[in-house]
Amino acid sequence: MELDRSDEEVLAGEYGETRRICMEILVALGKVYGAERLIPVSSVQVAGASYKTIGDPGLEWLQNLDARAVVPAFLNPIGMPRDDWRKMKIDEGFAEKQQEILDAYRRLGISLSCTCTPYYHQLVHYGDHLAWSESSAVSYANSVIGARTNREGGPSALASALIGKTPEFGLHIVGNRIPDLVIEVDDPDATKQWGSAEYGALGYLAGKEAGNRIPCFRAIRPNRDRLKSLGAAMAASGAVALYHVEDITPEARVPFFKKSFTLDQKETVTIPVADVNALFTEIEVNAVAVGCPHLSEDELRTLAGLLSGKKVKKEFFVFASKEMIDEHHDLVGTIEKSGASVYPDTCMVVSPATDTLGSVMTNSGKAFTYLPTMCGVLPRLGTIEECVRVATE
Ligand code: F3S
């Protein structure tokens, strides 16, 4: 790998032991994946922030680092709301450890904005190079915005934050962003009525087909919230870090990409609408959780409209970024008046709050994938309207 003089100096330990280790991580990663050089990144999103996922070994590693971020860097959701964790019935011991993790990140100069939707609050442009790590944020940045990031692990993202660079391989290289397969649904007309939950269900099925390949969808027209749901689910049931939607997502509209796509020669997978519908089973649930990924302003508004004047009879969790919640107190007030609780900084999967609930309804294809494996609960998939109906009837 070709390193410039300042990279070499960092690697030689001239800027301290932490930066030396970080440079070593980036260089090792670059060598494994055949990168020729390091490139600057405009922002970093660091995963591995919940005590539930990194535990004591992760905390200890963070506490031993000594450097400051040199580019804007922020966190993935943590295991509890930063301020009001008692309301979520988080155990005191867990909260203490979580706070120590936050303190460690603060010392490293990482912003304590804990969300999987940083693109609602950070300027991210088409063609920007990033080092992001939460899989749904990676998918959105690559696919919906047209920025360029690999799916970073926690340590490699943190190394990028402290160095300001990432090895140039994978999705940072334009030629690696061409689709490998085409995905269609057998009845495109049916998709005109679909909301985010149906797109999440499609993503759940498509991710299993795609694995870590780059799919291009044909004949569907999802808006941004539905793209968010589709991509998040594919990143969870498969390992899709980039997808395209013909005539919709930005790279699928650029002449260079259009020419390289030659979709007719690609393997085509057809997903039956009946298979999407079959995921919406009716089982009894003890609670409802929405906001995976964290809610957009439109999603918050829709939920407020649906819950306005109603009372929930089951525990109803709502997750969004702190910034989104602070900007929309009126909508949050309407939602909470129903008895639902809106939480910042955390989510139904990385917090321990849903682990003991037994069964949970969600409108997210990603949560539908992870609730059984990471929280040990039975999931039920429903539209946002069905989630409200089940919680209030
Ligand atoms: Fe975000 Fe948690 Fe879902 S991190 S994408 S809300 S699993």
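Just so we're clear, the structure is a prediction, and the values are computed from it rather than from any experiment. Counting starts at 1 for both ligands and their atoms, in listed order.
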Protein N, O or S atoms less than 2.8 Å from atom 2 (Fe) of ligand 1, ignoring waters?
-> C347 SG
Taking only heavy atoms of G291 into account, list the atoms of ligand 1 that are under 4.0 Å away from them.
-> 6 (S)
Any ion pair linking R221 and E246 (charged N to carboxylate O, less than 4.0 Å)?
-> no
Is S308 reaching over with its side chain to a backbone N or O of A304, donor-acceptor style, under 3.5 angstrom?
-> no
Using atom types as modelled and distance alone, determine if a side-chain donor or acceptor of T369 lies under 3.5 Å from a backbone N or O of G365.
-> yes
Is a side-chain donor or acceptor of T53 paired with a backbone partner of A49 at a separation under 3.5 angstrom?
-> no
Does ligand 1 have an atom under 4.0 Å from some heavy atom of S364?
-> no
Could you list the residues that satisfy ring pair (Phe, Tyr, Trp, His ring centres under 6.0 Å) with Y51, not counting sequence neighbours?
-> F94
Distance-only polar pair, side chains of S136 and E134, donor-acceptor under 3.5 Å | yes
Residue I283 excluded, over 12 heavy atoms near CD1 under 6.0 Å = yes
